[in-house]
Undergrad: 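Let me give you the structure first, and then I'll get to my questions.
First listed ligand is number 1; within each ligand, the first listed atom is number 1. One is the number of the first residue; the rest follow in order along the sequence.
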Amino acid sequence: MKKFYVTTPIYYVNDVPHLGHAYCSVACDVLARFKRLDGYDVMFLSGTDEHGQKIAKAAAKAGIEPQALTDKVSQNFRDVLKALNVSNDDFIRTTEERHIKACRVLWDELLKRNELYLGKYAGWYAVRDEAYYGEDELKDGPNGKKIAPSGAECEWVEEPSYFFRLSAWGDKLLKFYEENPDFILPHSRRNEVISFVKSGMHDLSVSRTAISWGVPVPNEDKHVMYVWLDALTNYLTAVGYPDTQAESYKKYWPADMHVVGKDILRFHAIYWPAFLLAAGLEPPKHIFAHGWWTCEGEKMSKSLGNVIDPYGLIEKYGLDQTRYFVLREVPFGNDSDFSHAAMVRRINSDLANGIGNLAQRTLSQIAKNCGGAVPKHGEFTDADKGLLELAQGTLVLLQQEFEVLAFHKALDLIWALIAHADRYIDEQAPWALKKTDAARMETVLYVLAETLRHIGCFLLPFVPEKAGMLLDQLAVAADRRDFAHLTDACALETGTPLPAPQGLFPRYVDEEA
Ligand code: ME8
């Protein structure tokens, strides 16, 4: 069986889960669900990033122990995944024993291979990003502060530290990018990584002595691991590392797709493959950097009080409406500004008037005029064949778009099929055939029902509940909803009783407007 290992970033537990976190998790969920339907054995991982200075500081501010903070906030992230109907197979916390063990074994491996050495770090550090910055990258801010390109404030740090020999990996990384042109997606992000590596790499500080909230470095009481080395290792831990003979490790590693926000591409596309290659492990196949959601043009943040709460969206607009909107509104990889007006437009035009209306028109005519059962089809005309062929041909196009996580283009393809079906129903006018040619009316409604079966299967990854309802209304059994069951263009069996049709997507009427 083909396998697919997909991951979200692990979320910092100093924040409330907001639209940005929901976005990435839903995107990975859509990908995982698509691959499962397409016959892959999928491993889908999410989790929380719980160590480091940022978390220690947040706990101190809240007046609680870091472990207590992480227990509470990690659960909030777990809960929001559930509320979003995200189907992750595992949820990892970096404070778990399995993970601490994995980090320490990886460390020993790097040390054994002479990839680490003890030195002293003297330079700039941004706690918000948990990142080291070179002097040349910084700008002067107010009150003599130094500001990183991300906008984070930097502080001067001097401490004994272990270093990873990153400077020795530049050429090997460049060769790796050249040999794997699809490693960094979307392709538009590739150059920024390559030019950063070409500009020359310094060895990377990978342990800290000024803080203690982290994975202890083996045999070095005063050092804890740099939080990014710890965090990135989560992708290995979850499939069984350090047991490289474990069934799950052999099956799933290397990861097929790490989906990350564009702000953390450098860590995933540079440090991560360097650590792995240095430890003699295979790097992941692809890193996809998605874009950023802002709210009214501002970065969302707890302190600005402008975070978009996923629970609020689900309550106001519905779960599947929310999932659909975030993936339809903007190409995955681009930035977007959240707007309620755009959300309402999408719900009404694409969902209520688009798929909702097509399903309603078809299913209510079947209920009224075909005795509430799958109609009988006669010989197909060119128009019938044209629609069925488009439905059949859509799968391979979707598979191509999913290779590069072009969710909006995948949805475009499904909506092109819906538009074709809308034209077909208008042209064939089954309501008029009722009196003149009942047999032809049944054929037309059969073709539409089959098209809806295809659309239902294609929509399952995006809107699992609503697509499930649609397939229920066509009496498609739960074990016949995967893409293998689309090889037959006419799988619906004439005479199968259908349940009474129910609306899928109501129009959204803004009561406050
Ligand atoms: O960076 N728009 O965690 P994090 C879109 N722990 N996506 C957003 C977003 C926004 N406004 N805000 C957050 C970390 N995200 C590290 C990762 S991985 C080994 C360690 C999404 O909680 C985006 O995918 O700050 C981002 O990369 C992710 O949440 C994690 O952000």
Undergrad: Please say whether the positively charged group of R208, taken as NZ for Lys or CZ for Arg, lies over the ring of Y125, i.e. under 6.0 angstrom from the six-membered ring centre and within 45 degrees of the axis.
TA: yes
Undergrad: Where does W228 meet ligand 1, judged by heavy-atom distances below 4.0 Å: at the side chain, the backbone, both, or neither?
TA: side chain
Undergrad: What's the shortest distance from atom 22 (O) of ligand 1 to any protein heavy atom, and which residue and atom give it?
TA: Y12 N, 3.0 Å
Undergrad: With a cut-off of 4.0 Å, which atoms of ligand 1 are near a heavy atom of I264?
TA: 1 (O), 17 (C), 27 (O)
Undergrad: Distance to the ring centre below 6.0 angstrom and angle to the axis at most 45 degrees; does that hold for K466 and F505?
TA: yes
Undergrad: Within the 4.0 Å heavy-atom shell around D49, which atoms of ligand 1 are there?
TA: 6 (N), 16 (C), 20 (C)
Undergrad: Is the backbone N or O of Q53 less than 3.5 Å from a side-chain atom of W213, with the two atoms forming a donor-acceptor pair by type?
TA: no
Undergrad: State the atoms of ligand 1, each with its element, that fall below the 4.0 Å cut-off from a heavy-atom position in G291.
TA: 5 (C)
Undergrad: Can you name the atoms of ligand 1, numbered from 1 with element, that are less than 4.0 Å from a heavy atom of Y235?
TA: 18 (S), 19 (C)
Undergrad: When you measure from the centre of the six-membered ring of F4, is the NZ or CZ of K35 under 6.0 Å away and within 45° of the axis?
TA: yes
Undergrad: State whether the number of non-hydrogen atoms from other residues, nucleotides or ligands found under 6.0 Å of D171 atom CG is greater than 12.
TA: no
Undergrad: Would you call H18 a ligand 1 contact, heavy-atom distance under 4.0 Å?
TA: yes
Undergrad: Which of the atoms of ligand 1 are close to Y11, meaning less than 4.0 Å from one of its heavy atoms?
TA: 22 (O), 28 (C), 29 (O), 30 (C)
Undergrad: Return the set of residues passing salt bridge (Lys or Arg N to Asp or Glu O under 4.0 Å) with E96 (not counting sequence neighbours), or none when no residue passes.
TA: R98
Undergrad: Given that the side chain starts at C-beta and the backbone is N, CA, C, O, which of these parts of D263 lies under 4.0 Å from ligand 1, counting heavy atoms, or is it both or neither?
TA: side chain
Undergrad: In this structure, are over 12 heavy atoms from other groups packed under 6.0 Å from K139 atom NZ?
TA: no
Undergrad: Can you pull out the closest protein heavy atom to atom 23 (C) of ligand 1? Residue, atom name and distance to 0.1 Å, please.
TA: H290 NE2, 3.5 Å
Undergrad: State if I10 counts as touching ligand 1 under the rule of any non-hydrogen atom under 4.0 Å.
TA: yes
Undergrad: Name the closest protein heavy atom to atom 21 (C) of ligand 1, giving the residue it belongs to and the distance to 0.1 Å.
TA: G20 O, 3.6 Å
Undergrad: Within a distance under 4.0 Å of any heavy atom of G261, pick out the atoms of ligand 1 and give their elements.
TA: 23 (C), 24 (O), 26 (C), 27 (O)
Undergrad: Listing request: all ring pair (Phe, Tyr, Trp, His ring centres under 6.0 Å) pairs with a residue in residues 298-319, at least two apart in sequence or in separate chains.
TA: Y317-H340, Y317-Y508
